[in-house]
Amino acid sequence: MKKHGIIFLIVACMILVLGSCSKKTKVSAQKSGTLTKVSLGTVAWPTNMFFYLAQEKGIFAENGIDVDVREFSSTTESSNAFIGGQTDFCTYASSETISPFSQGGDISIVLETDKSNGCEGLVAKSEIKRVEDLKGKTIATQLYSVDHMFLLTLLQDHNMTASDVKIVDMSIGDAGNAFCTGKCDAACIWDPYFSQAKKAEGTVLYSTADNPNLITDVLAASKTLCSTKPDVVKAMVKSYFDAVEYWKNNTDDSTAFMAGKLGVDSAEFTSEMNGLIVPTVDEAVKAFTPAENYAYWGYTQNTVKDFLKKLDVIKADCECGDMIDASFVKSLQQ
């Protein structure tokens, strides 16, 4: 299961919806007994299941919050609800934050929840050994998807552009099948198709394991909530880390629970988690620490933003680092 079925083209369409949302995110937190009620919009993705685990095991309550976890069928829908003030928090694939933020969305990124670590990448025919060998070759991927961005980043890092290759637009599933049946020279795809392509004796030219900072996921809160209810935001961030710790200490039962929420069996859930890195508190702080490389979340998203502008998906410029509020993860450092 891959939430990176995000398509930048869909995000572009989302701009039209966001443009009609004139108000900033409404703070909906209110007291319910001793707990503060808040809402979270999310989508089906392995690490997002930690929020359900926090709910199931009473972790939210221990940290003083009562969270209404609302699952949406796409991040377009959950983001629209968040930007429109219907939820207090929202999970995002990092690249999906750029379009609404560039349109003035009230977004603060308060936590990096995971990094892609080998569950997607660029695979080629066995005779192709280097990215440079792809010049003039056919590469299948889904245009405007995060893996399209990943491919363009790789080409740029190897002093090439999209014009040096032949990019064929098709769904990730079709791209994987096309590669396995020899209908293209290479494919930039995600699991389970990436693993299938490797089994078909494909050469992995690059995967997210080579640079886990390229494709990440995050938790967003409104800037309004961060300034008016910082204790609530800290409680949400702490609850995520507490749920991860619970999972590590009670792997079997928590994996079974989260797998059920995701709609897969425990083996599949474990396989998907093996392709991800869940940052520690210190690693989360590092991701939010300014640097001129991909280790810094803002730098990586600015790179994605530049691609989106070149592809004419977004019009307005923005500094993606301005989305970050690192105060909450920093407050959890020992």
Side-chain angles (χ1 to χ4, degrees), residues 1-8 45-47 93-96 112-135 137-162 164-217 268 270-279 287 293-295 297 300-301 303-304 307:
M1 301 183 74
K2 191 71 177 67
K3 63 95 193 47
H4 287 309
I6 346 161
I7 302 176
F8 288 139
W45 178 245
T47 54
S94 292
S95 58
E96 292 179 302
E112 184 178 73
T113 55
D114 69 60
K115 303 178 181 184
S116 179
N117 186 39
C119 61
E120 54 206 301
L122 178 60
V123 62
K125 290 181 176 179
S126 58
E127 62 268 23
I128 298 174
K129 304 299 184 184
R130 307 176 305 151
V131 172
E132 291 84 353
D133 296 336
L134 289 170
K135 188 165 290 189
K137 303 295 185 181
T138 300
I139 306 174
T141 195
Q142 188 170 308
L143 289 188
Y144 310 110
S145 71
V146 71
D147 276 31
H148 180 204
M149 178 278 294
F150 181 58
L151 173 61
L152 295 177
T153 301
L154 293 180
L155 293 175
Q156 177 177 273
D157 288 348
H158 289 81
N159 299 314
M160 297 169 66
T161 68
D164 291 317
V165 298
K166 300 173 184 176
I167 299 178
V168 180
D169 179 25
M170 55 180 70
S171 72
I172 293 298
D174 287 343
N177 291 332
F179 177 78
C180 290
T181 55
K183 296 178 181 177
C184 59
D185 299 303
C188 201
I189 49 181
W190 52 69
D191 273 339
Y193 311 104
F194 184 52
S195 293
Q196 292 168 1
K198 289 189 289 185
K199 290 178 181 177
E201 299 185 355
T203 299
V204 176
L205 298 182
Y206 209 89
S207 82
T208 49
D210 296 302
N211 188 351
N213 295 304
L214 281 178
I215 299 178
T216 61
D217 295 288
E268 173 63 20
T270 299
S271 176
E272 293 186 21
M273 285 298 299
N274 286 340
L276 299 168
I277 294 173
V278 179
N293 55 59
Y294 291 121
W297 188 88
T300 305
Q301 301 321 305
T303 302
V304 178
F307 283 126

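The model shown is predicted, which means the values in this text are computed figures rather than measured ones.
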Checklist line | Rounded distance [0.5 Å steps], SG in Cys119 versus CD in Glu272 | finding: 8.5 Å

Note to self: Between Asp147 and Trp190, is there a side-chain donor-acceptor contact under 3.5 Å, judged purely by atom types and distance?
What the structure shows: no

Checklist line | With Asn159 via side-chain contact (heavy atoms from CB on, under 4.5 Å) - residues at least two apart | finding: none

Next item on the list: Can you tell me which residue pairs pass the salt bridge (charged side-chain N to carboxylate O under 4.0 Å, His left out) test with a partner in residues 170-187, sequence neighbours excluded?
Entry: Lys125-Asp185

Margin query: If you compare all heavy atoms of Ala197 against all heavy atoms of Phe179, which two are closest, and at what distance to 0.1 Å?
Written below: CB-CD2, 3.6 Å

Item checked: Asp133: partners by salt bridge (charged side-chain N to carboxylate O under 4.0 Å, His left out), with sequence neighbours left out -> Arg130

Item checked: Test log, rule side chain to side chain contact (heavy atoms under 4.5 Å, CB included), inputs Cys188 and Phe150 -> CA-CA 8 Å; Cys188 201; Phe150 181 58; 3.5 Å; yes

Notebook entry, point to check: Is Leu276 close to Thr47 at the side-chain level, that is, under 4.5 Å between some pair of heavy atoms?
Noted result: yes

Notebook entry, point to check: Checking side chain to side chain contact (heavy atoms under 4.5 Å, CB included) for the pair Leu122/Leu134: CA distance, chi angles, key distance, verdict?
Noted result: CA-CA 11 Å; Leu122 178 60; Leu134 289 170; 3.7 Å; yes

Item checked: Non-hydrogen side-chain atoms of Ser94 and Asp217 separated by less than 4.5 Å -> no

Note to self: When you compare the side chain of Glu120 with that of Thr208, does any pair of heavy atoms fall below 4.5 Å?
What the structure shows: yes

Next item on the list: Evaluate the side-chain proximity of Gln156 to Phe307: yes if any heavy-atom separation is below 4.5 Å, no if none is.
Entry: yes

Notebook entry, point to check: Does some side-chain heavy atom of Val131 sit less than 4.5 Å from a side-chain heavy atom of Met160?
Noted result: yes

Notebook entry, point to check: Leu152 versus Leu154: any side-chain heavy-atom pair under 4.5 Å?
Noted result: no

Item checked: Residue list, side-chain contact (heavy atoms from CB on, under 4.5 Å) with Ala175, at least two apart or on another chain -> Ala140, Met170, Ile189

Check: How many angstroms lie between atom CD1 of Ile277 and atom CG of Asn117, to the nearest 0.5 angstrom?
Finding: 3.5 Å

Checklist line | Which residues share a side-chain contact (heavy atoms from CB on, under 4.5 Å) with Asp157, sequence neighbours left out | finding: Thr153, Tyr294

Checklist line | Contacts of Lys166 that satisfy side-chain contact (heavy atoms from CB on, under 4.5 Å) - sequence neighbours left out | finding: Thr138

Next item on the list: For the pair Leu151 and Ile139, evaluate side chain to side chain contact (heavy atoms under 4.5 Å, CB included) and give the outcome as yes or no after the intermediate values.
Entry: CA-CA 9 Å; Leu151 173 61; Ile139 306 174; 3.8 Å; yes

Note to self: Test: side-chain hydrogen bond (donor to acceptor under 3.5 Å, both in side chains). Region: residues 192-207. Which pairs qualify, not counting sequence neighbours?
What the structure shows: Asp191-Ser195

Next item on the list: For the pair Ser145 (side chain) and Gln142 (backbone), establish whether a donor and an acceptor sit closer than 3.5 Å, ignoring hydrogens and angles.
Entry: yes

Notebook entry, point to check: For Thr161, which residues count as a side-chain hydrogen bond (donor to acceptor under 3.5 Å, both in side chains) partner, sequence neighbours excluded?
Noted result: Ser163

Next item on the list: For the pair Val123 and Leu205, evaluate side chain to side chain contact (heavy atoms under 4.5 Å, CB included) and give the outcome as yes or no after the intermediate values.
Entry: CA-CA 6 Å; Val123 62; Leu205 298 182; over 6 Å; no

Check: Does any non-hydrogen side-chain atom of Thr270 lie less than 4.5 Å from one of Met273?
Finding: no

Check: Under 3.5 Å, is there a donor-acceptor pair linking the side chains of Trp45 and Asp114?
Finding: yes

Item checked: All side-chain hydrogen bond (donor to acceptor under 3.5 Å, both in side chains) counterparts of Asn177, not counting sequence neighbours -> none

Margin query: Donor-acceptor check, side chain of Lys115 to backbone of Glu112, threshold 3.5 angstrom: yes or no?
Written below: no

Margin query: Going by the rule side-chain hydrogen bond (donor to acceptor under 3.5 Å, both in side chains), which residues pair with Thr141 if we only count those two or more places apart in sequence or in a different chain?
Written below: none

